[in-house]
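The first residue in the sequence is number 1, and the count goes up from there.
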Amino acid sequence: QVHLVESGGGSVQAGGSLRLSCAASGRTYNINSIGWFRQAPGKEREGVAHIYTGVGITYSADSVKGRFTISQDKSRNTVYLQMNNLKPEDTAVYYCAAGGRGYSSRWNFLLPSDEYRYWGQGTQVTVSS
């Protein structure tokens, strides 16, 4: 079992920044990918970014490229999502998720939600105009 805890959400004005954290505990040795997803009211959940933890390769959605950066601190079993130049349309509950899929050339893209077995409870991000 893997337990994920997100933190760092909050309310900011457009153009502001937030850094989300996802702390993993438990049987993390089986985890090879950690992703961030978000879900706004009335919308489907969408992938934001993910990192292959073993090799540090990252992917992000086109909607956040150049603004959001995913990174990790292996010593802390923590993955971060640095969000800059936030826009009102970034308002959502942000979730981190962990899965066993490791990097290969066949999986050279942003992983979909069904690749993740473990999910955190989510953290709210609200961006006002």
Check whether any side-chain N or O of [X] sits under 3.5 Å from a backbone N or O of [Y] as a donor-acceptor pair, and report yes or no.
X      : Y      : answer
Asp90  : Lys87  : yes
Arg117 : Gly99  : no
Asn32  : Gly100 : yes
Arg76  : Gln72  : no
Lys74  : Thr53  : yes
Ser60  : Ala49  : no
Ser33  : Arg101 : yes
Thr126 : Ser11  : no

Non-hydrogen atoms of [X] and [Y] that approach each other most closely:
X      : Y      : answer
Gln121 : Glu6   : N-OE1, 3.0 Å
Pro88  : Ser128 : CG-C, 4.5 Å
Ile34  : Ile70  : O-CD1, 3.8 Å
Val2   : Leu4   : CG1-CD2, 4.0 Å
Gly35  : His50  : CA-CB, 3.6 Å
Ser63  : Glu46  : OG-OE1, 4.4 Å

| query | Do the side-chain N and O atoms of Ser17 and Asn84 include a donor-acceptor pair separated by under 3.5 angstrom? | reply |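 There is such a pair (donor and acceptor under 3.5 Å, judged by atom type) between the side chains of Ser17 and Asn84.
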Side chains of [X] and [Y]: closer than 4.5 Å at any heavy-atom pair?
X      : Y      : value
Gln13  : Val127 : no
Thr123 : Leu20  : yes
Tyr52  : Trp107 : yes
Phe68  : Leu86  : yes
Tyr59  : Leu111 : no
Ile51  : Val79  : yes

| request: Output, in order, the C-alpha distance, side-chain angles, deciding distance and verdict of side-chain contact (heavy atoms from CB on, under 4.5 Å) for Val64 and Arg38. | output: CA-CA 12 Å; Val64 305; Arg38 66 186 181 186; 4.1 Å; yes
| task | Using the test side chain to side chain contact (heavy atoms under 4.5 Å, CB included), find all partners of Val93 that sit at least two apart in sequence or belong to another chain. | result |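 Per chain and number, Val93 pairs via side chain to side chain contact (heavy atoms under 4.5 Å, CB included) with Tyr95, Gln124.
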| request: Indicate yes or no: does Asp62 engage Lys65 in a salt bridge with an N to O separation below 4.0 Å. | output: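 Between Lys65 and Asp62 there is a salt bridge, with a charged N closer than 4.0 Å to a carboxylate O.
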| How long is the span from the OG1 atom in Thr69 to the CZ atom in Arg67, to the nearest 0.5 Å? |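 Thr69 OG1 to Arg67 CZ: 10.5 Å, rounded to 0.5 Å.
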| request: Working to the nearest 0.5 Å, report the span between NZ of Lys43 and OG1 of Thr91. | output: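 Here the rounded value is 9.5 Å.
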| message | Does the plane of the ring in Trp119 sit parallel, tilted or perpendicular to the ring in Phe37? Use 30° and 60° as the thresholds. | response |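 Tilted.
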| If two hydrophobic side chains count as joined below 4.5 Å and joins carry through other members, does Val48 share a cluster with Val12? |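 Both belong to a single hydrophobic cluster.
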| request: Answer with yes or no whether the hydrophobic clustering places Tyr116 together with Tyr118; edges join I, L, V, M, F, W, Y residues whose side-chain heavy atoms lie under 4.5 Å apart. | output: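 No; Tyr118 is not reachable from Tyr116 via cluster members.
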| field | Cation-pi geometry met for Arg19 and Tyr80 (6.0 Å, 45°) | value |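 Yes.
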